[in-house]
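Since the structure comes first, as structure tokens, the remarks are kept for the end.
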There are 2 protein chains.
Amino acid sequence: MPRQVDHDERRRQLTEALLRIASTRGLQAVSMREIAAEAGVSLRVVQYYFTNKQALLESGLTELGARMDRRVKQRAAVAAGELTPRGVFAAVLGAILPFDEQSKLDSMAWTAYYTAALTDPALAAVGVTLPNALENFLTVRLTAAQQAGDIAPDRDPRIEVAGLLALANGLTSSVLSRQRSHEAAIKIIDYHLDRLFGPAAA
Amino acid sequence: MPRQVDHDERRRQLTEALLRIASTRGLQAVSMREIAAEAGVSLRVVQYYFTNKQALLESGLTELGARMDRRVKQRAAVAAGELTPRGVFAAVLGAILPFDEQSKLDSMAWTAYYTAALTDPALAAVGVTLPNALENFLTVRLTAAQQAGDIAPDRDPRIEVAGLLALANGLTSSVLSRQRSHEAAIKIIDYHLDRLFGPAAA
DNA sequence: CCCGAATGGATACAGTCGTATCCTAACAAG
DNA sequence: CTTGTTAGGATACGACTGTATCCATTCGGG
């Protein structure tokens, strides 16, 4: 039955059209007709594959979360080869910051969704999963690193992780608003990782 | 000529009605008619005191910036009495985080404006002034503190300030989305100030 | 063959939006 | 007293919104 595949593929195309609009013109510019035009289909098709605008929006947020997750996992997997805890943190935090055009667009859309979620509980429910998972993952890693003697014993792993993630989020904001370049943000993160783990391996 | 006073007062009332809507229901819920209803006036009055919706939105952002500025200056002035650089930083960063109901509402509106500014250059121009001024102010302070021996000489004041402000912004996000409590955010900031300045004065 | 389901084009509907226009009052200056 | 400006009520206009309906295809299983 190839129908289901086509169906999912169509939905994926529409979701991507939605995210393209949201990341370049903002979430308030997203309308059924705009998505149809962006995807090159008729309004009816958009209605056909998504019952609601709400369903469409939630699909966009889910896709966005999946992309972030993919980026982080990919970078973390590469860095895990080095085995140094600092490398893992640099990779994960580096994956949060917008580092190329696509991740910058995704970060824009993510920010738009985050803001919408502040006044829309339905979106909030979908959006908090990923950040929490990340925080837990990194906390486990850092606690282990501390027991292995990689960071000083007077550090609090939970607070350190929360701080680093908040730092990365704040830096993402400043990069998106062009207050700071990507390189400057990376430098700030490295600076903090140096103080936590000691300077990067030579 | 009491007219000008009345005029400004009216504009202030309408701007506050706008911010009330933006902070509770989001910027996309802000319409001329909604503002009129919230302020208890007719649509014509809103049109009369603001030529455009754009003008109204910019007025809201300006007012929001003024409130933030007032909060920071007020806290900083109180803390400057103690004369310790750490106290100044704790006060300023504490003023950025939402610490009561009103500042939480303002932070919500600020976030909404920040996101809108990402895809609306007109708003971006109005909004970047305050963050830059804050960053410069704190950098000057921290550089002076370093020359006075209050922080270690191997610290980079510019990077430290940028990091602390990004941290405060990221923590604000997590507090607004109820991922973290205000107290937890304060604790994280204090933790970082401890590492920068040494533990708080007894 | 044919008939019901999947697919999608065209159009309609009831709201809401920002903005514009028309028409009163009130009041200050001549 | 008149006249012009400030202030605001009532209403209209065209554009756009999400959603619904009607209709024509296409196609696989009986």
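The sequence lines fix the lettering, A, B, ..., with proteins before strands; numbering per chain opens at 1.
Here B:S31 reaches the OP1 or OP2 of C:dC17: one of its side-chain N or O atoms lies under 4.0 Å away. An OP1 or OP2 oxygen of C:dG18 is reached within less than 4.0 angstrom by no side-chain nitrogen or oxygen of B:N52.
Residues A:A29 and B:L43 each lie close to DNA chain D; by heavy-atom proximity, the contact nearer the 5' end of the strand is made by B:L43. In terms of position on DNA chain C, the residue among B:T51 and A:R44 whose nearest nucleotide sits closer to the 5' end is A:R44. Mapping A:R33 and B:V45 onto DNA chain D via the closest heavy atom, the residue that lands nearer the 5' end is B:V45.
One atom, OH of B:Y48, and another, P of C:dA26, lie 16 Å apart when rounded to the nearest Å. Protein atom CD of A:Q54 is 17 Å distant from nucleotide atom P of D:dT17, rounded to whole Å. In this structure, OH of A:Y49 is placed 6 Å from C1' of C:dT7, rounded to the nearest angstrom. Between the CG atom of B:L56 and the P atom of C:dT19 there is a distance of 10 Å, rounded to whole Å. When the P atom of C:dT16 is taken as reference, atom CD1 of B:I35 falls 17 Å away, rounded to whole Å. Separating the CD atom of A:Q28 from the P atom of C:dT16 is a distance of 20 Å, rounded to the nearest angstrom. Between the P atom of D:dA20 and the NZ atom of A:K53 lies a distance of 15 Å, rounded to the nearest Å. Atoms CG (A:D6) and P (C:dA5) sit 20 Å apart, rounded to a whole Å.
Put simply, the side chain of A:E34 reaches to within 4.5 Å of the side chain of A:R25, judged on heavy atoms. Inter-residue side-chain proximity for A:W110 and A:L61 is flagged as met; some heavy-atom pair is nearer than 4.5 Å.
At a cut-off of 3.5 Å, with distance as the only test, a side-chain donor of A:S103 or A:D100 sits close to an acceptor on the other residue. A donor atom on one side chain and an acceptor atom on the other are found under 3.5 Å apart for B:S59 and B:T15. At a cut-off of 3.5 Å, with distance as the only test, no side-chain donor of B:Q146 or B:D150 sits close to an acceptor on the other residue.
Backbone-only engagement by B:V30 is indicated by non-hydrogen atom pairs under 4.0 Å involving sugar-phosphate atoms exclusively.
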